[in-house]
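Just so it is clear: chains get the letters A, B, ... in the order the sequence lines come, proteins before strands, and each one is counted from 1. Below, each value reflects all heavy atoms present in this structure, side chains not excepted, and no hydrogens, waters or symmetry copies.
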Protein chains: 2
Amino acid sequence: MQEDIMEKLDKHDLRKTIIRKDVLKIFVQAEGKALSSKDIEQALENPDRITLYRTLRSFEEKGLIHQAVDGSGTSKYALCSEDCTVHEHQDDHAHFHCTKCEQTICLETGPRSPVNVPEGYIVRRSYLVLEGLCRRCANP
Amino acid sequence: MQEDIMEKLDKHDLRKTIIRKDVLKIFVQAEGKALSSKDIEQALENPDRITLYRTLRSFEEKGLIHQAVDGSGTSKYALCSEDCTVHEHQDDHAHFHCTKCEQTICLETGPRSPVNVPEGYIVRRSYLVLEGLCRRCANP
DNA sequence: AAAAACTTGCAACTTTGTTGCAATAACCAT
DNA sequence: ATGGTTATTGCAACAAAGTTGCAAGTTTTT
Ligand SMILES: [Mn+2]
Ligand SMILES: [Mn+2]
Ligand SMILES: [Zn+2]
Ligand SMILES: [Zn+2]
């Protein structure tokens, strides 16, 4: 697992610094859950906030994590699938956002049917957010 | 048109103050375009920023405008359809976000096919964002 | 016209995120 | 292993977006 993390950093051309190993470990452990900068701040001891922001940006640029749009207003990130690279992300899945516990998770949904847009518009990508109650919050 | 605005405020149980008339007029004129707080600030002379935020919140609560999730990070709002009320919004349409000019517009898309979610999850609503280039930005 | 109820504008504050820069750490090639 | 090169860190300072408390001002109702 430690090896897993080192490999990932290597593969994505990121220097192996303490904070990067720590942050990446948290993402791996989160298992499909999207995390905010604050989530990570709380999980770690005392990370420098600015360094954390830059770590997240580097991870995203290098194809290690992807942003999870969830309509909550703050940025959240989750681990990418194996085949994301610095050149292209492959995270075209929907995200579920629980309005009670505020958790956001990546969904393994299949391809979506295309949507009609006005003549002349070019669609590059799309985000689908499902909002509601997660299992835990729905069945208390 | 002035009457239209007065009617709308009346119907949604909002007091007719200067800023509310002004802001609502801007939304009516925007015609399906979603506006940020900053957009409105710029359109108006010198609105108090805080009052504007509260105006937007009241409008949303009373079913006059709805939030347009567009993945841009800042909140945008657009005029609701006639049948939105304080009790329930009816704005289940997708939004298109142009990454070049940053405009966001409401799309008149039909109903979307349902998406599979894990057992036990409850979906209350969903947001669909299409990102790309609008007609003007695609054909320069 | 006055009372009641709601709205405004100001100050102060919070949260989230960015930029510049010198000190530091990681990597690469001797 | 040593040292040079290059990327990363941590600090301070800043900025945008949004919230809260409260006294003063408006709108609505009676
Ligand atoms: Mn995801
Ligand atoms: Mn809309
Ligand atoms: Zn939940
Ligand atoms: Zn455009």
Does A:Arg57 have a side-chain nitrogen or oxygen under 4.0 Å from the phosphate oxygens OP1 or OP2 of C:dG17? no
More than 12 heavy atoms of other residues, nucleotides or ligands under 6.0 Å from CZ of B:Arg125: is that the case? yes
Could you give the CG-to-P distance, from B:Leu14 to D:dT28, as a whole number of Å? 10 Å
Regarding the side chain of B:Ile19, the nearest nucleotide among C:dT19, C:dC27, C:dT8 is C:dT8
Per atom distances to the A:Lys38 side chain, the nearest of C:dT7, D:dT20, C:dT16 is C:dT16
Any A:Ser36 side-chain nitrogen or oxygen under 4.0 Å from OP1 or OP2 of C:dT16: no
I want to confirm an ordering. Mapping B:Thr51 and A:Thr74 to their closest nucleotides on DNA chain C, which one lands closer to the 5' end? B:Thr51
Any chance CG of A:Asp83 has more than 12 other-residue heavy atoms, nucleotides or ligands included, within less than 6.0 Å? yes
For ring-ring contact (aromatic ring centres under 6.0 Å, His included), just list the numbers for A:Phe59 and A:Tyr77, CA-CA rounded to whole Å, side-chain angles, deciding distance to a tenth of an Å, and then say yes or no. CA-CA 10 Å; A:Phe59 279 14; A:Tyr77 299 88; 9.6 Å; no
Applying a 4.0 Å non-hydrogen cut-off, can you work out what B:Ser75 is touching in the nucleic acid: base, sugar-phosphate, or nothing? sugar-phosphate
Choose from C:dA26, D:dG10, D:dA17 the nucleotide whose nearest atom is closest to any side-chain atom of B:Arg49. D:dA17
Check B:Lys8 with B:Glu82, please: is the shortest side-chain N to carboxylate O separation under 4.0 Å? yes
Given C:dT7, is OP1 or OP2 found less than 4.0 Å from the side-chain N or O atoms of B:Thr55? no
Length of the line joining B:Asp10:CG and D:dT29:C1', which is rounded to integer Å: 14 Å
Between C:dG9, C:dT7, D:dA17, which one does the side chain of B:Tyr53 approach most closely? D:dA17
Quick check: on DNA chain D, is the nucleotide nearest B:Ile50 upstream (toward 5') of the one nearest A:Asp13, or the reverse? Name the residue that is more 5'. A:Asp13
For a quick test of reading the model: is some side-chain N or O of A:Arg54 closer than 4.0 Å to OP1 or OP2 of D:dT8? no
Nearest to the A:Arg20 side chain among D:dT8, D:dT26, C:dC10, which nucleotide is it? D:dT8
Ignoring hydrogens and geometry beyond distance, is the side chain of A:Arg15 in donor-acceptor contact with the base of C:dA25 at under 3.5 Å? no
Considering only C:dT18, C:dA26, D:dG18, which nucleotide approaches the side chain of B:Ser37 most closely? D:dG18
Taken to the nearest whole Å, CG/A:Asp48 to P/C:dA23 is 17 Å
Kindly point out which of D:dT27, C:dC27, C:dT19 is positioned nearest to the side chain of A:Lys16? C:dC27
